[in-house]
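Just below is one structure, and these are the notes that go with it.
Since this is a predicted model, take the numbers as computed values, not measurements. Numbered from 1 within each chain, the chains take letters A, B, ... in sequence-line order.
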Amino acid sequence: MEYNHLTIEKKWQKYWADNSLFTTNENPRKKYYDLVMFAYPSGDIHMGHCKNYVIGDVIARYKRRNGFDVLHPFGWDAFGLPAENRAIEIGLHPRKWTLENIRISDESLKMLGISYDWQREIITCLPDYYKWTQWMFLLMYKRGLAYKKEAYVNWCPGCQTVLANEQVIDGHCYRSNCKSLIERRKLNQWFFKITDYAERLLNDLDKLSGWPERVKQMQRNWIGRSEGTNIIFPVKNSNIKLEVFTTRADTIFGVTFISIAPENPLLEQLIKGSKYENKVRAYILEASRKSIVEREEKEKDGVFTGIYALNPINGSEVPIFVADYVLVEYGSGVVMGVPAHDTRDFQFALKYRLPIKVVIRPESGDIDPENMADAFVDYGIMINSEQFNGLTSAEGIKAITEYLQNKGLGGRAVNYKIKDWLISRQRYWGAPIPIIYCDKCGIVPVPEGSLPVLLPEDIKDYIPKGKSPLGAVPEFINTTCPNCSGPAKRDPDTMDTFVCSSWYFLRYLDPKNDNEFCSKANAQKWLPIDQYIGGIEHATGHLIYFRFFTKVLYDAGYIPYDEPATNLFTQGMVLRNGEVMSKSKGNAVPVGPFVEKYGADVARLTILFAAPPERDMEWSDEGVTGAQRFIDRVYRIVMENRERVVNKPSVPPQNDIQKKLYVKINQTIVRVTDDLENFKFNTAIAALWELLNELYQYKERDEFFGYGIYAIVNLLSPFAPHLADELWTNIGNKGSLVSADWLSCDSDYLTEDKMVVVLQVNGKVRGHIEVAPNTDEEKIKSFALADERIRRHTDNKQIKKIIYVPGKLINVVI
RNA sequence: GCCGAGAUGGCGGAACUGGGAGACGCGGCGGACUCAAAAUCCGCAGUGCUGAAAGGCGCGUGGGGGUUCAACUCCCCCUCUCGGCACCA
């Protein structure tokens, strides 16, 4: 009896669609929002993409069967560089290319039998979606969270656009087929003020008990909160004051120089007319030409400004340097140099022969200032620090900070590594920034009623040249001021696609709403996301951004929760031949041909069984063989015995053989259920496989056998839904398992009547005995001591004690 | 440098809260069916020694120490792999 996946899978996909089984209940009683990260339409989808969707689908199908009203939507993150670059390569409009890919990919997902509510599909590059992306921008603007500033930004020469900090990895472009060395450019760009939310984004991580610790830790690192002290160093013979941030106020007596970032705006007035003005300007220019990576890799250097600052604690004069290892965007862009207690300052001091003054000694021992090989950076005891001598570092930090604060020369400060989110992109394929520049009125937001600002489709040249292509489209760029009706120009940039993806989960709740991004009623109904599933690579990008958006929308009163997702699951990647599956590497297994050859259920089982879902998995042909064999075996045994299936045994087991099978069935129900609750799909399938093997061994064709068949079919539906439904009707049921109640176990039969007790001597297994479940301890001990296998090791030895673990084992210690 | 995760047969992986290591699968070997092969079904299998066999004894979860009657699991040290952060003052 052959399982014909082609006709059977198509048949059930049609049945599910015709009967709207995945259509979301508009008025959920017991809601469950199951969300997989939406996708980039990057060409034909392959098995590497599918793991995410298969995991999400298992959950959706399992939850439906447990009485939940499941919202399980899908959509496309359709704007952005990859689509645009591909389109340029093959000379097709990005819109055409994108929509065509979406069409093909939708087909692939449908072939896999993923149970999406397709009526809620969203596509971010369509005006009815990006209208609301633009609305989000305006909301940020209204709330003072979108601002434009001239700043040093990351410029990707490959993509010919600026990038957000989150999109720079080790100084290179984050896009895997770009990876260009990032340059620094000073440009006037739009930012979202995510730093205003740094504290909440950090603190609220503690609320997210359903998120992996790893992701939370990565976000903590990324936000990078650092507590310390701000200290004001007045400049000698000037009224300029330099503020520095330090976490080591206890080392203030060891300051022997000050360094300023070359980009620091204070420099201009500081050096004007100074002795070394020209040298300093040359250094600044040189620094500006270097990439971030170059600046990091070279030896630390700088140039003396000829100016001195005064240490506020003791008035000592210290030289001011310009040095490009100081980051303008962190702290105040000025640091105090303490060579004795900071590795970088130490190197710098050696190079420029600056004094090294030891002010902290180890708790035990001393430091010889003459023979220091490197800085002493640990906490210790303050020395050479006047009235503060003898304090520990921790005490000293507190004392110095208080001292400075009382004198108005500084105070406590907190700094974050996270930077404001640069969202302008000099590219065509994105949502236009809804801002108008008027000579008279300045920056004017597009009125909400005029949204969307349509992205012109008819554009001759969208190839990036470092300037926004939209700037060269007169019909787009020229407009009138909404305020004064005078001539004005639109912002030529588009938004980072991560803006589009920061709020998409809300649009699914109300995808056709023309008046709001989502009605308050629907937000109330469905939020928060009960289970979010996606790749770990989004830990410090999307997963921070969408939390940020959620908080802003919450603050503005649009949604009732300030965290978007209760539970997060990060799935591992699919590898093939040791490398991430991808079309460009040539190791991709495309969905369409695979499903035609083997079937969707084989694909699903292969993915689910190979490894725990959170771990990377190697796609192997052997895994496919196993999945295929499993399906054939199930199909065969069910079809051959379909007349004998019962949905419940009519009598209790009559003998040990029946009881053994019945217990196994009940145990399997429990195991599969527990495993589904805990994302352990590989062991859930293993449990089903064990039961299947047991049924193959079972010789009688009684009710218990029939019930075993029933159980396998029933429990299989989240994993292999087509096969399960096909067999479900073949064993005499109507319709589909999609919304049938999940199978529950008979808890009276979860264990057998006898228990096996392991016999150990000194912790080594020497045998087992079978006893009745309620045998008391003394009896078991006497059985054990009488056992030949034990006696062999205990004869002529002294027994020290006997340990009995109830129902488990007995250990004789000699 | 800091933070995090991990290392188990030939391979993917299992093992509750410290209690029989290696479930389940793949591959392998043997058998049945077949003229034969494939498919299927049944069986074997961590490894060394020993035994005709049943079995017995030892060794075994990256390495070394420790706690314990008992350690893949807990503690200390080390090696390696992967991931994140990193000139952050």
Just the rounded figure in Å: distance from [atom2] of [N] to [atom1] of [X].
| X | N | atom1 | atom2 | value |
| --- | --- | --- | --- | --- |
| A:Asp374 | B:G1 | CG | C1' | 12 Å |
| A:Phe233 | B:A89 | CZ | C1' | 12 Å |
| A:Phe630 | B:U40 | CZ | P | 15 Å |
| A:Gln217 | B:A5 | CD | P | 9 Å |

So [X], base contact, sugar-phosphate only, or nothing? Heavy-atom distance under 4.0 Å.
| X | result |
| --- | --- |
| A:Lys680 | sugar-phosphate |
| A:Gln697 | sugar-phosphate |
| A:Asn811 | base |
| A:His341 | nothing |
| A:Glu690 | sugar-phosphate |
| A:Val758 | base |
| A:Asn415 | nothing |
| A:Gln760 | base |
| A:Tyr696 | sugar-phosphate |
| A:Arg220 | nothing |
| A:Lys764 | sugar-phosphate |
| A:Asp345 | nothing |
| A:Lys801 | sugar-phosphate |
| A:Gly626 | sugar-phosphate |

Task: Qualifying side-chain hydrogen bond (donor to acceptor under 3.5 Å, both in side chains) pairs with a residue from residues 663-673 of chain A, counting only residues at least two apart or across chains - done: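 Residue pairs with at least one partner in residues 663-673 of chain A: A:Lys664-A:Glu690, A:Arg671-A:Glu690, A:Thr673-A:Trp742.
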
TODO: Identify, between A:Ile536 and A:Lys298, the residue whose nearest nucleotide on RNA chain B lies closer to the 5' end.
DONE: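 By nearest-heavy-atom nucleotide position, the 5'-most residue is A:Ile536.
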
Task: Whichever of A:Glu622 and A:Ile803 has its nearest RNA chain B nucleotide further upstream toward 5' - done: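 In this pair, the answer is A:Glu622.
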
- [ ] Hunt down the Watson-Crick or G-U wobble partner of B:U40, both distances under 3.5 Å, from any strand shown, or write none.
- [x]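 Pair assignment: B:U40 / B:A32.
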
Phosphate-side-chain proximity, [X] and [N], N/O vs OP1/OP2 below 4.0 Å:
| X | N | value |
| --- | --- | --- |
| A:Arg629 | B:U40 | yes |
| A:Ser226 | B:A89 | yes |
| A:Arg615 | B:C82 | no |
| A:Arg633 | B:G25 | no |
| A:Arg766 | B:G20 | no |
| A:Trp222 | B:C85 | no |

Open item on the list: For a side-chain contact (heavy atoms from CB on, under 4.5 Å) check, start with the C-alpha distance between A:Thr247 and A:Glu227, then their side-chain angles and the critical distance, and finish with the verdict.
Closed with: CA-CA 6 Å; A:Thr247 53; A:Glu227 269 183 45; over 6 Å; no

Using atom [atom1] in both nucleotides, what's the gap between [N] and [M] to the nearest angstrom?
| N | M | atom1 | answer |
| --- | --- | --- | --- |
| B:G28 | B:A38 | P | 11 Å |
| B:U40 | B:C26 | P | 9 Å |
| B:U79 | B:G65 | C1' | 15 Å |
| B:A23 | B:G12 | P | 15 Å |
| B:G18 | B:G10 | C1' | 31 Å |
| B:U73 | B:C82 | C1' | 22 Å |
| B:C72 | B:U61 | C1' | 5 Å |
| B:A70 | B:C85 | P | 45 Å |

Will you find, in the side chains of [X] and [Y], an N or O donor that is under 3.5 Å from an N or O acceptor?
| X | Y | value |
| --- | --- | --- |
| A:Arg633 | A:Asn693 | yes |
| A:Asp301 | A:Tyr283 | yes |
| A:Arg214 | A:Gln217 | no |
| A:Asn641 | A:Arg701 | yes |

Task: Check: A:Phe569 ring centroid to A:Trp211 ring centroid under 6.0 Å - done: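 So the answer is no for these two rings.
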
With respect to the side chain of [X], which nucleotide from [options] is positioned closest?
| X | options | value |
| --- | --- | --- |
| A:Met218 | B:G20, B:A14, B:G84 | B:G84 |
| A:Arg214 | B:G20, B:G83, B:C24 | B:G83 |
| A:Trp689 | B:G19, B:G25, B:A14 | B:G25 |
| A:Thr247 | B:G12, B:A89, B:G20 | B:A89 |
| A:Arg792 | B:G19, B:C57, B:A23 | B:C57 |
| A:Lys808 | B:C24, B:G20, B:G19 | B:G19 |

- [ ] Name every residue in residues 330-338 of chain A that has at least one heavy atom under 4.0 Å from any atom of RNA chain B, in order of residue number, or write none if there are no such residues.
- [x]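 The answer is A:Tyr330, A:Val335.
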
- [ ] Please work out whether the ring planes of A:Phe630 and A:Trp689 are parallel, tilted or perpendicular, with thresholds of 30° and 60°.
- [x]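 Ring orientation, 0 to 90° scale: tilted.
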
- [ ] Mind telling me whether A:Phe719 and A:Phe681 have parallel, tilted or perpendicular rings, with 30° and 60° as the class edges?
- [x]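 Ring orientation of A:Phe681 relative to A:Phe719: perpendicular.
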
Open item on the list: Looking at A:Asn221 and B:C85, is any side-chain donor or acceptor paired with a base atom of the opposite kind under 3.5 Å?
Closed with: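 Check fails, no donor-acceptor contact within cut-off.
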
Task: Step-by-step ring pair (Phe, Tyr, Trp, His ring centres under 6.0 Å) determination, A:Phe321 to A:Phe348 - done: CA-CA 10 Å; A:Phe321 282 73; A:Phe348 197 82; 5.2 Å; yes

Task: A:Tyr3 side chain near A:Arg636 side chain, heavy-atom distance below 4.5 Å - done: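 No; the side chains remain at least 4.5 Å from each other.
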
